[in-house]
Amino acid sequence: MRPEVIVVGAGAIGSSVAYYLAKAGVRVMLFDRGEAGHEATRASAGMLIPLSESTGPGPFTDLAIESARLFQALNDELLERTGIDIGYRRTPLLRVALDEMEEHELRERRGWQDRSGIPVAWLDASSALDLEPGLNPQLRAALYYANDHQVNALDLTRALVRATVDLGATLRERTPVEGLILEGDRVTGIETGGETVHAAEVVIATGAWSAAWGASLRTSLPVRPVRGQMVAVQTSGTPIRNVVFSNAGYMVSKPEGLTYVGATEEEAGFDSRPTAGGVAWLLGVIPRLVPGLSAAKFAGAWAGLRPGTPDRLPLLGRLPGWQGVTLATGHFRNGVLLAPATGQLISDLVRLQRSRLPLQAFDPARFTIRAA
Ligand code: GLY
């Protein structure tokens with residue numbers, strides 16, 4: 001059956017876009033060159049901590065808060081539709097200050113967040129240690145976000161894909177999309193190695209690999225890979241109850257007894273292998289944040305490629321000068337967090353030509369320079 005919308009890329013973003021479209025009754029075909037969720041999504045720690053990455057009030061903060069809010073309903077409906085537990089668990093964020101400069105930054109953060117009505121508590125060192133006894137006792141202070149959560153990013157994506165297929169969509173894994181079909185200023189479909197598929201709309205959700213579409217669209221798409229390495233240590237139980245986050249790095253305990261330590265931010269092209277230097281740096285985060293875990297068993301290292309953009313904001317919306325193509329990419333450090341809101345907003349845009357949140361700040365037109 002001919003799809004109405006083709007989604008290229010089945011990471012957290014593409015699978016969420018496909019899900020919200022399919023849920024609204026749209027015939028969707030979802031392509032991935034590998035397996036769903038097996039690139040940046042699989043590398044993610046799955047933290048849903050909307051206030052950790054925002055630097056002030058504005059569209060990014062609004063989008064992040066809205067997306068975090070949508071997770072509760074999404075979790076419930078995915079569980080009901082698929083039986084898959086996406087690992088949605090309340091896991092408060094402790095944003096800790098280890099030195100004077102970081103303490104100053106936290107005070108500023110608390111100031112604008114208080115003024116914006118965001119629930120955040122200032123903790124002195126002893127209150128932070130009461131909440132998380134394993135913290136480095138030399139910390140100076142912490143901000144506490146009681147209502148943050150985490151998920152298992154790969155299970156989230158699996159559940160989104162399963163629900164999308166159950167709603168009648170077609171999934172093509174291990175099927176690289178090799179080209180777009182163009183007619184004048186309209187994208188009318190895609191080509192894979194053996195197949196041509198037409199649709200009214202193509203949504204590009206190929207994360208760090210998105211810039212490659214710029215050549216055929218004669219438009220620069222400034223998305224670049226930014227490697228994030230992580231390590232994990234193994235303990236019995238859940239050694240930390242909160243996400244512990246600082247300028248030095250972050251740590252989060254997962255239900256299966258692993259504690260993840262992240263993450264580097266490196267310009268290394270499309271090389272997604274962990275390195276000796278990256279792993280050494282990450283292991284150094286442990287004694288700075290939760291010293292007792294230095295004795296835990298080393299359990300592994302991995303890396304993923306975040307889709308970075310020049311202003312660290314995603315590209316959401318229509319590509320100027322073209323019809324039939326929409327971008328949902330460039331989510332940088334926040335793909336998993338922003339997946340529900342992106343899915344909902346892109347589904348609205350494609351179906352109704354409007355969105356429920358202002359998208360100007362994320363408009364691809366802010367960067368695109370089209371060749372004649
Ligand atoms: N969201 C955390 C990271 O990208 O490392």
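As the structure lists them, so they are numbered: ligands from 1, and atoms in each ligand from 1.
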Of the backbone atoms (N, CA, C, O) and the side-chain heavy atoms from C-beta on, which set of R306 has a member under 4.0 Å from an atom of ligand 1: side chain, backbone, both, or neither? side chain

Should you measure from each heavy atom of A263, which atoms of ligand 1 turn up under 4.0 Å away? 5 (O)

Is Y250 close enough to touch ligand 1? Criterion: a residue heavy atom under 4.0 Å from a ligand atom. yes

Chi angles and distances behind the side chain to side chain contact (heavy atoms under 4.5 Å, CB included) call for L221, F367: CA-CA 7 Å; L221 299 178; F367 296 127; over 6 Å; no

Considering only NZ, NE, NH1 and NH2 on the basic side and carboxylate oxygens on the acidic side, decide whether R366 and D363 come within less than 4.0 Å. no

For the pair W302 and Y260, name the ring-plane relationship: parallel under 30°, tilted 30 to 60°, perpendicular over 60°. perpendicular

Considering only distance and modelled atom types, tabulate donor-acceptor pairs under 3.5 Å from the side chains of residues 21-37, sequence neighbours left out.
| from | atom 1 | to | atom 2 | distance (Å) |
| --- | --- | --- | --- | --- |
| K23 | NZ | E77 | OE2 | 2.8 |
| R27 | NE | R2 | O | 2.8 |
| R27 | NH2 | R2 | O | 3.3 |
| D32 | OD1 | G34 | N | 2.8 |
| D32 | OD2 | A10 | N | 2.8 |
| R33 | NH2 | E39 | OE2 | 3.1 |

In terms of residue, atom name and distance, what is the protein heavy atom nearest to atom 1 (N) of ligand 1? R333 O, 2.7 Å

